[in-house]
Amino acid sequence: MDRLEVKRLKFYITTPIYYVNSEPHVGSAYTTIIADIIARYKRMMNYKVFFLTGTDEHGQKVFQAARAAGKDPQQFCDELAQKFEQLWKKLQITNDGFIRTTDPKHMAVVQYFVKKMLENGDVYKGVYEGWYCVPCESYWSEEELGPNHTCPSCGREVKFIEEENYFFRLSKYRDALLEHYKKHPEFVQPDFRRNEMIKILESGLKDLSITRTTFSWGVPMPDDPKHVIYVWVDALINYVSAIGYPTDPERFNEYWPADLHLIGKEINRFHSIIWPAMLMSVGLPLPKTVFAHGWLTVDGQKISKSLGNAIDPKYFVDRYGNDVLRFYLVREIVFGKDGDFSEKGLVNRLNSDLANDYGNLLHRTLAMLEKHFGSSIPEPGPFERGDENFVQQVLDRVEQYLTQMDNYQLTDAVETVMATLALGNKYFDERKPWLLAKQGEMKKLGTVLYNVCETVKKVAIMFYPIMPNSSQEVLRRLGEETQPNAQHLRQWKTLRSGQKIVHGAPLFQKVELKSEQRESKKPVPSEVQLLDINEFRKVDLRVARVLSAERIKGSEKLLKLSIDLGELGTRQIVAGIAKYYEPEQLVGKCIVVVANLKPAKLMGVESQGMLLAAHDNDQVKLITVDGGAAPGSKIS
RNA sequence: GGCGGUGUAGCUCAGAUGGUCAGAGCGAGUGAUUCAUAAUCACUAUGUCGUGGGUUCGAGUCCCACCGCCGCCA
């Protein structure tokens with residue numbers, strides 16, 4: 001039953017291979033970090049893991065990006081691929097393989113794969129006619145297009161093209177795919193993504209054009225080299241080419257089928273429909289699970305190059321360290337859903353979860369061990385009922401954690417570990433070891449501190465996949481082997497009494513965000529100017545009653561109003577509404593004004609404020625207060 | 001346009017099959033405590049559970065309509 005005892009199981013996990021038309025950003029880092037967490041967890045649980053990532057280097061977009069950079073495409077790819085590899089190294093990603101689609105070995109496999117599909121009668125030659133978006137490398141039907149023949153996905157202009165293509169008989173696999181979905185509810189996760197895919201299948205599939213002739217940066221079609229294989233087909237095959245298909249069947253069979261394709265939601269269709277159909281075509285088993293995670297926003301906004309808010313993960317690693325970044329990503333962003341990334345949120349988590357709840361529990365415990373037990377793990381005395389209860393609760397949490405991790409409920413699992421820490425802190429407070437020390441109750445004191453140490457040890461192990469560095473440090477301080485031993489999770493008294501502990505500096509240093517860092521780091525371009533609430537609060541909006549109104553001589557637009565602003569007194573304002581309102585219509589009206597506007601002179605008349613009105617085409621309508629309100633009332 | 005989801009305390013969200021379901025965490029306030037990184041622990045709060053109807057003895061929980069947001073497809 002216990003998977004730790006039986007023979008080693010394998011676990012093959014992949015990230016998407018990243019498109020090298022730009023440098024890596026938090027989005028790709030997020031996927032890769034999550035994959036790394038799962039890979040580390042599985043290794044810790046004694047699985048034989050193969051963790052694959054890599055780069056997708058073919059296609060017109062890459063070719064154009066290379067040209068724009070004035071570089072040879074291969075050289076361009078080499079440089080970018082290296083940047084990805086460097087980043088993964090920096091993020092302490094433990095991938096076992098790194099595949100590049102321009103690797104001749106991979107390219108040969110792509111040709112082999114497609115040839116096999118062809119031989120199986122699933123690829124045929126046809127003519128494609130229609131609209132094509134170069135940047136998206138996607139074909140669109142007439143009805144799908146946006147206004148003025150633009151790409152419905154990116155909004156840019158599309159080109160009408162007509163070309164002879166090879167097609168994949170995707171439609172043929174609809175029923176088989178539906179059948180598979182029915183039989184394997186875990187195939188696509190989360191479940192709402194699965195339902196989306198089922199809907200697509202139910203509405204029918206069209207055959208897929210899988211070659212291009214308009215450019216040559218890609219894998220040539222076997223025996224027809226003027227055709228280049230569609231980047232997506234090329235890319236997907238990486239999952240099998242990287243583990244030895246078809247040249248090293250022993251290795252391939254050891255790992256295939258993949259246990260988990262971790263992807264972003266935007267590429268779900270490729271992984272959950274097209275890829276499985278391709279596999280069916282060549283007769284390979286399907287991956288166990290495709291998990292599509294959500295998207296990150298940054299400070300509440302979509303990540304995009306044009307917004308310039310694509311965050312560089314290196315900044316956060318340098319500033320806060322890998323553990324904190326990784327922790328924050330799983331803790332804050334519910335795995336599977338969209339979530340927001342902000343420096344402020346990260347610092348909050350660092351300070352309260354890590355420094356206070358985690359680091360401090362360790363720190364206060366080690367401090368007492370240093371003072372009362374000569375810096376060594378004490379001998380636990382007899383357990384009282386409170387101790388027994390506590391131990392049981394911690395062990396329950398451990399079980400919960402294991403279940404959640406096994407089900408890829410990463411955020412829940414982190415919460416469970418946090419709950420374990422809360423138990424530890426609470427136990428500590430209830431047992432009041434500082435009092436026991438004063439009273440000379442050394443046996444009881446030993447029990448309490450021992451139990452807390454054992455709890456922190458479990459936390460360190462549970463956190464290891466997420467925060468490997470701090471976990472190893474905690475284990476070291478407890479006098480343990482730094483390599484986490486998952487078998488210690490389910491037992492108690494795994495710490496040997498007498499072993500030396502190291503008190504050391506606090507595990508996590510708190511960080512104070514400077515005020516300017518609290519705001520969004522990058523300026524937002526004008527088209528999507530978003531206002532911080534504090535900015536808005538600067539505007540002093542008030543209700544005012546119009547006391548009198550008259551035209552200003554020589555102006556056909558301006559009226560001079562005298563208004564009652566309650567506590568702010570009576571003021572004179574000038575408003576450009578003479579074309580739409582007669583002065584006498586205004587008297588007595590309850591209007592809205594900006595009360596803290598710098599005074600200005602219009603046509604020689606001073607205006608001490610500004611009234612609000614709606615501009616509806618060529619109409620102007622005053623903003624009034626529903627039912628009226630006392631002059632001077634604040635508006636917010 | 002079709003399909004699906006969602007709208008619950010200031011924020012993030014839990015709330016099978018209708019009857020302690022009005023909740024948790026964070027934030028805020030009060031108290032306790034001093035082993036500890038002004039950490040920790042306890043207690044407290046505001047909510048017309050998107051809006052309007054309906055079914056029912058009884059509805060965040062079911063039905064209908066509407067509004068808002070999101071996703072997939074077209």
Side-chain angles (χ1 to χ4, degrees), chain A residues 140-146 152-153 188 190-206 264-270 272-273 292-295 297 300 302 328 331-342 344-373 378 390 409 411-412 414-419 421-439 441 444-446 448-449 452-453 456 470 477 503-512 533 537 636:
Chain A
W140 304 103
S141 64
E142 187 81 36
E143 315 86 69
E144 287 171 326
L145 293 180
S153 161
V188 177
D191 56 347
F192 58 94
R193 297 285 166 217
R194 172 174 185 264
N195 293 338
E196 288 174 359
M197 293 304 115
I198 290 176
K199 279 272 142 48
I200 292 176
L201 288 172
E202 284 172 346
S203 67
L205 295 177
K206 276 191 278 188
K265 65 181 183 180
E266 73 282 3
I267 53 176
N268 194 206
R269 202 153 52 103
F270 294 99
S272 298
I273 292 179
H293 71 240
W295 281 353
T297 53
K302 244 173 126 167
Y328 174 66
R331 164 96 236 224
E332 192 85 356
I333 291 140
V334 179
F335 185 50
K337 298 190 182 173
D338 293 349
D340 188 53
F341 182 102
S342 72
K344 191 179 164 192
L346 181 143
V347 168
N348 274 344
R349 289 305 187 183
L350 164 61
N351 289 347
S352 65
D353 288 352
L354 296 180
N356 293 347
D357 294 347
Y358 185 19
N360 188 52
L361 177 60
L362 176 71
H363 203 247
R364 67 202 296 210
T365 307
L366 295 182
M368 293 205 80
L369 290 182
E370 189 176 51
K371 200 185 283 181
H372 302 291
F373 291 94
F390 169 68
Q409 298 170 299
T411 306
D412 297 323
V414 174
E415 252 173 65
T416 299
V417 183
M418 290 313 302
L421 285 166
L423 283 173
N425 274 314
K426 188 181 166 130
Y427 174 72
F428 199 110
D429 274 31
E430 281 173 350
R431 300 308 306 265
K432 299 186 184 10
W434 60 93
L435 256 185
L436 295 174
K438 268 188 199 148
Q439 295 161 350
E441 297 264 23
K444 283 189 182 180
L445 178 61
V448 172
L449 295 180
V452 175
C453 285
V456 174
S470 54
R477 298 222 188 154
H503 185 187
L507 196 59
F508 295 96
Q509 210 52 251
K510 286 207 236 181
V511 171
E512 181 91 29
I533 183 75
R537 287 202 184 109
S636 59

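Heavy atoms only: backbone and side chains are in, while hydrogens, waters and symmetry mates are out. Computed from a predicted structure; not experimentally measured. Quick note on labels: first sequence line is chain A, next is B, and so on, each numbered from 1.
Pairing of B/G27, defined by two Watson-Crick or G-U wobble distances under 3.5 Å, is not identified with any nucleotide. Base pairing of B/C62 is made with B/G54, judged by Watson-Crick or G-U wobble geometry with both donor-acceptor distances under 3.5 Å. The partner of B/C21 is absent, by the rule that a Watson-Crick or G-U pair needs both atom distances under 3.5 Å. Here B/A45 sits opposite no nucleotide as a Watson-Crick or G-U wobble pair (both hydrogen-bonding atom distances under 3.5 Å). Of the nucleotides present, B/G2 is the one that pairs with B/C72 by Watson-Crick or G-U wobble criteria, both distances under 3.5 Å. Of all nucleotides present, none satisfies the Watson-Crick or G-U wobble test against B/U34 with each distance under 3.5 Å.
The shortest distance between the side-chain N/O atoms of A/K199 and the OP1/OP2 oxygens of B/G4 is not below 4.0 Å. Close to B/C26, at under 4.0 Å from its OP1 or OP2, lies no side-chain N or O of A/R349.
Mapping A/E430 and A/M197 onto RNA chain B via the closest heavy atom, the residue that lands nearer the 5' end is A/E430.
Backbone-only contact: A/D357 has heavy atoms under 4.0 Å from sugar-phosphate atoms and none from a base.
Taking the syn range as angles within 90° of 0, the glycosidic angle of B/G60 is syn.
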Q. What does nucleotides 33-38 of chain B look like as a protein-contact string, B for base, S for sugar-phosphate only, - for none, at under 4.0 angstrom between heavy atoms?
A. SSBBB-

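For the C1' atoms, the distance linking B/C63 with B/G71 amounts to 25 Å, nearest Å. For the P atom pair drawn from B/U46 and B/A22, the interatomic distance equals 15 Å after rounding to whole Å. Between the C1' atoms of B/A16 and B/C57, the separation comes to 24 Å (whole Å).
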Under 3.5 Å, N/O pairs linking protein and nucleotides 11-16 of chain B:
residue: B/A14; atom: OP1; partner: A/K337; partner atom: NZ; Å: 3.2

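Using cut-offs of 30° and 60° for the angle between ring planes, the A/Y427 and A/F390 rings count as parallel.
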Please list every donor-acceptor pair under 3.5 Å in which a side-chain atom of residues 354-362 of chain A meets a protein atom from a residue at least two apart or in another chain.
residue: A/N356; atom: OD1; partner: A/K510; partner atom: NZ; Å: 3.0
residue: A/N356; atom: ND2; partner: A/N351; partner atom: O; Å: 3.4

